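Working notes, structure below.
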Number of protein chains: 2
Amino acid sequence: MLAIGTLSRKTGTKVQTIRYYEQIGLMNEAGRTSGGQRRYYEKDLDRLAFIRHSRQLGFSLDSIRELLDLSDNPAQSCAEADSIARRQLRQVEQRIKRLQALKKELKRMVAECDGESVAECKVLEVLRDHSECLTNHDEIGA
Amino acid sequence: MLAIGTLSRKTGTKVQTIRYYEQIGLMNEAGRTSGGQRRYYEKDLDRLAFIRHSRQLGFSLDSIRELLDLSDNPAQSCAEADSIARRQLRQVEQRIKRLQALKKELKRMVAECDGESVAECKVLEVLRDHSECLTNHDEIGA
DNA sequence: CCTTTATCTAAAGTCACTGTAGCTTATCAA
DNA sequence: TTGATAAGCTACAGTGACTTTAGATAAAGG
């Protein structure tokens, strides 16, 4: 029987985060000691590791919920899991594209700045006037 | 005198977002009509455009606050604005790096999946076992 | 005057946690 | 057995940057 702190250490997850996962139903409700402390089995550790690894790969908690459901029913086809992963891949690729456009623009901004007074600062000028931009960067958020 | 909806249309910002910016002190408190509706000048439109363009480039509202302060005092040196932009550039570059590592891992995951049953699904297998990963992807968050 | 559109406030919801306050329980040495 | 310390508990607020909702009021055009 593992205490919550052990799971925390073994998976690099904050204790509060584990409790949070239980609260939103991503982790099962843990058994308790007579004093009310949570105790876990190895399978809970595995599940938490799965969650954390998926988070590290950028999956949303909703996607992870789907993946866990699939993982719990090994008879099904793998297509669903595959499509979730592909969707995630597409999202990552889009974000990279967008960030690369931002990077280009920011580079140009700081390259053109020659440390003069704010009055003729290129950085501020570019921010003031979108029409000076070379790239499109329409959507907000990474 | 411009209504809030006009600012909204001209800058592609939701009306609520403009009110939110006022609430957190990023936009000045607008003048009001006798009936209590906000009315704006051209300079408010410029300020909002500056904010939105900065957001599109990924600057945080805190950074934007600094940039606006600088912009309001044109006598200062431009060094501060430059350093904020450089910091932003570094952040963007880091995010790109991290996302590229994720992309590699996700690509490998979906490439190895051959559509068999969940039981031998490569995607789920990789998520289950971190040690199968080729790349390090330790930190969560983009 | 009436209808439609725009605007108002206040508060709650989003995502995925993180932090805090004020307790109680478990563990180990003395 | 005692007492210190570490670990755990609940409940709630806070983060960033908004978005959504509900219910009411104002402005504009015909």
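Numbered from 1 within each chain, the chains take letters A, B, ... in sequence-line order. Treat the numbers as computed from the prediction; the structure is a model and nothing was measured. Reckoned from all heavy atoms, side chains included, excluding hydrogens, waters and symmetry mates.
In this structure, the CD atom of Gln91(A) is 13 Å from the C1' atom of dC15(C), given to the nearest Å. Rounded to whole Å, atom P of dC15(C) lies 14 Å from atom CD of Gln23(A). Look at CG on Leu26(B): it is 11 Å from C1' on dA17(D), rounded to the nearest Å. For the pair Leu48(A) CG and dC17(C) P, the interatomic distance rounds to 11 Å; values are reported in whole Å. Between the CD atom of Glu29(B) and the P atom of dT9(C) there is a distance of 10 Å, rounded to whole Å. Whole-Å rounding puts the Ile24(B) CD1 to dG16(D) P distance at 10 Å. Counting to the nearest Å, the C1' atom of dC17(C) and the CD atom of Gln56(A) are 15 Å from each other. Distance, Leu2(A) CG to dA7(D) C1': 15 Å, rounded to whole Å.
If you take CD1 on Ile51(A) and CE on Met27(A), they are separated by 5.5 Å, rounding to the nearest 0.5 Å.
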| request: Could you please spell out the steps behind the side-chain hydrogen bond (donor to acceptor under 3.5 Å, both in side chains) verdict for Ser60(A) and Arg55(A)? | output: CA-CA 7 Å; Ser60(A) 71; Arg55(A) 285 292 296 132; over 6 Å; no
| request: Step by step, work out the side chain to side chain contact (heavy atoms under 4.5 Å, CB included) result for Arg128(A) and His53(B). | output: CA-CA 8 Å; Arg128(A) 260 180 230 123; His53(B) 192 198; over 6 Å; no
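Of the two residues contacting DNA chain C, namely Ile51(A) and Ala3(B), the nearest-nucleotide position lying further toward the 5' end is that of Ala3(B). Ranked by how close their nearest DNA chain D nucleotide is to the 5' end, Asp62(B) and Arg39(B) are led by Asp62(B).
Put simply, the side chain of Leu89(B) does not reach to within 4.5 Å of the side chain of Met109(A), judged on heavy atoms.
Contact annotation for Arg32(B): backbone-only contact, meaning every heavy-atom pair under 4.0 Å involves sugar-phosphate atoms and none involves a base.
When distances run from any side-chain atom of Tyr20(B) to the nucleotides dC8(C), dC17(C), dA17(D), the shortest one goes to dA17(D). Distances from the side chain of Thr17(B) to the nucleotides dC17(C), dC18(D), dT9(C) place dC18(D) closest. Out of dC8(C), dT20(C), dC18(D), the shortest distance to the side chain of Gln16(A) is found at dT20(C). In this structure, the nucleotide among dG8(D), dC8(C), dT10(D) sitting nearest to the side chain of Arg38(A) is dT10(D). Side-chain proximity of Arg19(B) to dA26(C), dT7(C), dA17(D): nearest is dT7(C). Distances were taken from every side-chain heavy atom of Tyr21(B) (C-beta onward) to each of dC17(C), dC18(D), dT19(D); the shortest belongs to dC18(D). Nearest nucleotide to the Arg55(B) side chain, out of dA16(C), dC8(C), dC18(D): dC18(D). For Ser60(B), the side-chain atoms get nearest to dA17(D) when compared with the rest of dA16(C), dT18(C), dA17(D). For Gln37(B), the listed nucleotide lying nearest its side chain is dA26(D); candidates were dA26(D), dC9(D), dT20(D).
Remark: Lys14(A) is in phosphate contact with dG19(C), judged by side-chain N or O atoms under 4.0 Å from OP1 or OP2. Residue Arg52(B) places at least one side-chain N or O closer than 4.0 Å to OP1 or OP2 of dC18(D). A close approach under 4.0 Å does not occur between any side-chain nitrogen or oxygen of Ser34(A) and OP1 or OP2 of dT25(C).
Inspection of the Arg52(A) and Thr11(A) side chains reveals no N or O donor paired with an N or O acceptor under 3.5 Å.
In this structure, Ala30(B) and Arg39(B) approach most closely via the heavy-atom pair CB-O, 3.8 Å.
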